[in-house]
Colleague: 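This structure is in structure tokens; I'll ask about it shortly.
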Amino acid sequence: MSLLSRIEQQLATQRGAGRWRSVTPRQQGQGRYLVAGNQRWLNFASNDYLGLANHPKVRQAVADAAQQYGVGSGGSALITGYHTLHQALVDRLIELTGKPRVLLFGSGFSANQGVLTSLLQQGDLIVQDKLNHASLIDAGLHSAATSARFRHNDVNSAKRQLSRQASGKLLVTESVFSMDGDKAPLNQLALASQQHDALFMVDDAHGIGVIGEEGLGATSVEPSIDIYMATFGKALGVGGAMIACDQHIADYLTQFCRHYIYTTSLPPALAAGVSAAIDCMAAEPEHRERLLARIEQFRQLAKAAQLPLLASQTAIQPVLVAGAERVTSVAAQLQQAGIACGAIRAPTVKAGDERLRITISASHTEQDIETCVAAVARALETTQEQNQ
Ligand SMILES: *Cc1c(COP(=O)(O)O)cnc(C)c1O
């Protein structure tokens, strides 16, 4: 079969299975409202958990830096693309994470790929939580190492996988799982890694800004993380990512990580934006306090309305709606009711585990949360009736 006919066939299968993906242009995708065309919806679909993507100080920092220094970095970090604004951000992140070194990456996806594919070699073992993000699972498969997965948040299962070989091991988990919103047992996994002579890596994409002391993320929950990855595109409201680690690992990545070496560095103005976002997070704890209050409010109202929640204490609040068609129909009804949230289907989650992915933000008001829960309860009732 020719390549083109195979592509056509795969597209037909995808469409037939109700898994078609496409993009929609929007005037605003973060903040309290999602805006597209001349319509707006309450936004329960974005990862801008602290509402920093629209914070005046963050916007100003990016605008000022772009005015002063221009936009693009002009090169890779190792050639000409490492700006004093990058260094200022790195210094800030070293302070925040308590790790000796920080490297900046264009995205969390590329940071995860870069670390796993460069650090691990043939004969090594990478042990991951079954529910780890695609960027980690795929990076494990692309690396020359053997990949093993353990049962979700099951420390004994992780230990069994770590026992498969004596050395050359890395254990990696998310701190807050992107589709379930639950937290990993970081302290126990760190201990298991030490006991089995493995490096411990944590992906804090959904943790930074939200969990830990003052929202400082996974490093404030568990200090002995060897490789810490966090993205700047979620609670920090900007974009880009970091790896925080010790001297040797940072030096190694600088020599051998192709995703660090062969790519244009983050625009310096964005680095200034991330620094401003971190300043806001530290100086204005009210954003996180409001987020935590809205999460609590959402959970209480949702429990009272008997919505099928998962055990998540974080900004990610999934509502289980089994069946690709049913979850799509519930999300469509919510959209009509002025609420935007994600309808998550296979292959992102297992078939049968379909869900609405509702994300709470500091930008929401108490009234917004009430509106959301009432609309979800109504949409679930309506589809149940239709199915009977
Ligand atoms: C979003 C996400 C990433 C990718 O980060 P980007 O900066 O968006 O590329 C990696 N890991 C997890 C768990 C994520 O949720």
Side-chain angles (χ1 to χ4, degrees), residues 28-35 39-54 175-183 206-207 209-212 215 234-235 237 285-323 326-345 348-349 353-388:
Q28 187 174 312
Q30 22 75 340
R32 185 175 174 203
Y33 293 107
L34 180 73
V35 182
Q39 268 189 294
R40 72 176 197 188
W41 296 263
L42 279 176
N43 190 351
F44 286 93
S46 107
N47 300 321
D48 178 28
Y49 305 129
L50 295 174
L52 293 181
N54 260 309
S175 58
V176 171
F177 284 85
S178 58
M179 291 301 144
D180 286 41
D182 56 343
K183 295 180 201 167
H206 299 279
V210 179
I211 65 167
K234 284 156 183 160
E286 58 268 27
H287 305 300
R288 178 162 173 270
E289 284 158 14
R290 209 165 46 245
L291 170 65
L292 297 180
R294 298 291 182 268
I295 293 170
E296 186 51 38
Q297 185 202 353
F298 177 87
R299 288 193 63 79
Q300 283 186 3
L301 292 178
K303 274 181 197 159
Q306 295 183 318
L307 302 187
L309 292 183
L310 294 185
S312 159
Q313 306 296 325
T314 67
I316 302 161
Q317 292 292 330
V319 174
L320 292 177
V321 187
R326 182 149 186 251
V327 77
T328 311
S329 135
V330 170
Q333 279 186 57
L334 287 172
Q335 199 175 358
Q336 283 193 341
I339 310 268
C341 72
I344 311 292
R345 298 161 289 172
T348 307
V349 295
D353 284 352
E354 291 83 2
R355 71 216 33 209
L356 301 172
R357 181 174 182 272
I358 293 176
T359 51
I360 313 290
S361 161
S363 328
H364 294 135
T365 65
E366 282 182 18
Q367 176 65 55
D368 295 344
I369 303 288
E370 285 169 25
T371 307
C372 174
V373 173
V376 173
R378 222 168 19 247
L380 285 179
E381 267 169 36
T382 322
T383 50
Q384 221 151 31
E385 280 159 19
Q386 283 167 355
N387 285 356
Q388 277 160 7

Colleague: Under a 3.5 Å threshold, yes or no: a donor from one side chain and an acceptor from the other, between His206 and Tyr49?
Modeller: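 Result is yes, a qualifying pair exists.
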Colleague: Calculate, to the nearest 0.5 Å, the distance between atoms OG1 and CD belonging to Thr365 and Gln297 respectively.
Modeller: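 Thr365 atom OG1 to Gln297 atom CD measures 8.0 Å (nearest 0.5 Å).
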Colleague: For the residue pair Leu356 and Val376, establish whether any side-chain heavy-atom pair is separated by less than 4.5 Å.
Modeller: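 Answer yes - side chains close enough.
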Colleague: Are any of the side-chain heavy atoms of Asn47 and Ile316 separated by less than 4.5 Å?
Modeller: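 No, too far: nothing below the 4.5 Å cut-off.
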Colleague: Who pairs with Arg357 by salt bridge (charged side-chain N to carboxylate O under 4.0 Å, His left out), at least two apart in sequence or on another chain?
Modeller: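 For Arg357 there are no salt bridge (charged side-chain N to carboxylate O under 4.0 Å, His left out) partners, ignoring immediate neighbours.
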Colleague: Within this structure, what is the CG-CD distance for the pair Leu380 and Gln333, rounded to the nearest 0.5 Å?
Modeller: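 One finds 9.0 Å between CG of Leu380 and CD of Gln333.
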Colleague: Compare every heavy atom of Ser363 with every heavy atom of Gly51, then report the nearest pair and how far apart it is.
Modeller: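 In terms of heavy atoms, the two residues are closest at CA-OG, 3.6 Å.
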Colleague: Considering only heavy atoms from C-beta outward, does the side chain of Arg355 approach that of Val349 to under 4.5 Å?
Modeller: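 They are in contact (side-chain heavy atoms under 4.5 Å apart), so the answer is yes.
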Colleague: Can you pull the salt bridge (Lys or Arg N to Asp or Glu O under 4.0 Å) pairs that have at least one residue in residues 361-370, sequence neighbours excluded?
Modeller: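 Found Arg32-Asp368.
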Colleague: Taking side chain as C-beta onward, heavy atoms only, is Thr359 less than 4.5 Å from Gln317?
Modeller: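 Of all side-chain heavy-atom pairs linking Gln317 with Thr359, none is under 4.5 Å.
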Colleague: Just how far is it from atom CD1 of Ile360 to atom CZ of Arg299, taken to the nearest 0.5 Å?
Modeller: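 Atom-to-atom, Ile360:CD1 and Arg299:CZ are 10.0 Å apart.
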Colleague: With a 6.0 Å cut-off on the ring centroids, do Phe298 and His364 count as close?
Modeller: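 Centroid separation for Phe298 and His364: 6.0 Å or greater.
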Colleague: Side chains of Gln30 and Asn43 only: does a donor on one sit below 3.5 Å from an acceptor on the other?
Modeller: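 Per modelled atom types, Gln30 and Asn43 side chains form no pair under 3.5 Å.
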Colleague: What's the spacing between Leu307 CG and Leu309 CG if we round to 0.5 Å?
Modeller: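 Atom-to-atom, Leu307:CG and Leu309:CG are 6.0 Å apart.
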Colleague: Would you give the length of the straight line joining atom CG of Leu50 to atom CD of Glu289, rounded to the nearest 0.5 angstrom?
Modeller: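 These two atoms lie 11.0 Å from each other.
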Colleague: Considering non-hydrogen atoms only, spot the tightest contact between Val373 and Ala305 and give its length.
Modeller: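 Smallest interatomic distance, heavy atoms only, reads CG1-CB, 4.2 Å.
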Colleague: Without swapping roles, check the side chain of Trp41 against the backbone of Gln335 for a donor-acceptor pair under 3.5 Å.
Modeller: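 Judged by distance alone, yes, a pair lies under 3.5 Å.
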Colleague: Looking only at heavy atoms, what is the nearest atom pair of Gly181 and Ser312, with distance?
Modeller: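 The answer is O-OG, 3.1 Å.
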Colleague: Please find the pair of heavy atoms, one from Ala235 and one from Gly209, that lie closest to each other, and give the distance.
Modeller: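 Closest heavy-atom pair between Ala235 and Gly209: CB-CA, 4.1 Å.
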Colleague: Looking only at non-hydrogen atoms, find the nearest pair between Ala45 and Gly342 and report the distance.
Modeller: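 The pair with the smallest heavy-atom distance is CB-N, 4.1 Å.
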Colleague: Looking only at heavy atoms, which two atoms of Ile344 and Val327 are closest? And how far apart?
Modeller: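 Looking at all heavy atoms of both residues, the closest pair is O-CG1, 4.4 Å.
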Colleague: Is any side-chain heavy atom of Cys372 less than 4.5 Å from a side-chain heavy atom of Leu42?
Modeller: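 A side-chain contact under 4.5 Å is absent here.
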Colleague: Would Ile211 and Val176 count as a side chain to side chain contact (heavy atoms under 4.5 Å, CB included) if you check the C-alpha gap in whole Å, the side-chain angles of each, and the deciding distance to 0.1 Å?
Modeller: CA-CA 9 Å; Ile211 65 167; Val176 171; 3.8 Å; yes
Colleague: Decide yes or no for Ile295 and Gln313: does some side-chain heavy atom of the first lie under 4.5 Å from some side-chain heavy atom of the second?
Modeller: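 Side-chain contact under 4.5 Å: no.
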Colleague: Counting C-beta onward and ignoring hydrogens, is there a side-chain heavy-atom pair between Val321 and Glu354 closer than 4.5 Å?
Modeller: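 No. Closest side-chain heavy atoms not under 4.5 Å.
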Colleague: So Lys234 and Val210, do their side chains get closer than 4.5 Å, heavy atoms only?
Modeller: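 Side-chain contact under 4.5 Å: no.
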Colleague: Is a side-chain donor or acceptor of Ser361 paired with a backbone partner of Asp48 at a separation under 3.5 angstrom?
Modeller: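 Yes, Ser361 side chain to Asp48 backbone: donor-acceptor pair under 3.5 Å.
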Colleague: Per the side-chain hydrogen bond (donor to acceptor under 3.5 Å, both in side chains) rule, which among Gln39, Gln28, Arg40 passes with Tyr33?
Modeller: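 For Tyr33, the side-chain hydrogen bond (donor to acceptor under 3.5 Å, both in side chains) test succeeds with only one of Gln39, Gln28, Arg40, which is Arg40.
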Colleague: Between Leu310 and Asp182, is the side chain to side chain contact (heavy atoms under 4.5 Å, CB included) condition met? List the steps.
Modeller: CA-CA 8 Å; Leu310 294 185; Asp182 56 343; over 6 Å; no
Colleague: Counting neighbours of CD on Glu286 that are heavy atoms of other residues, nucleotides or ligands and sit closer than 6.0 Å, is the number greater than 12?
Modeller: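 Enclosed.
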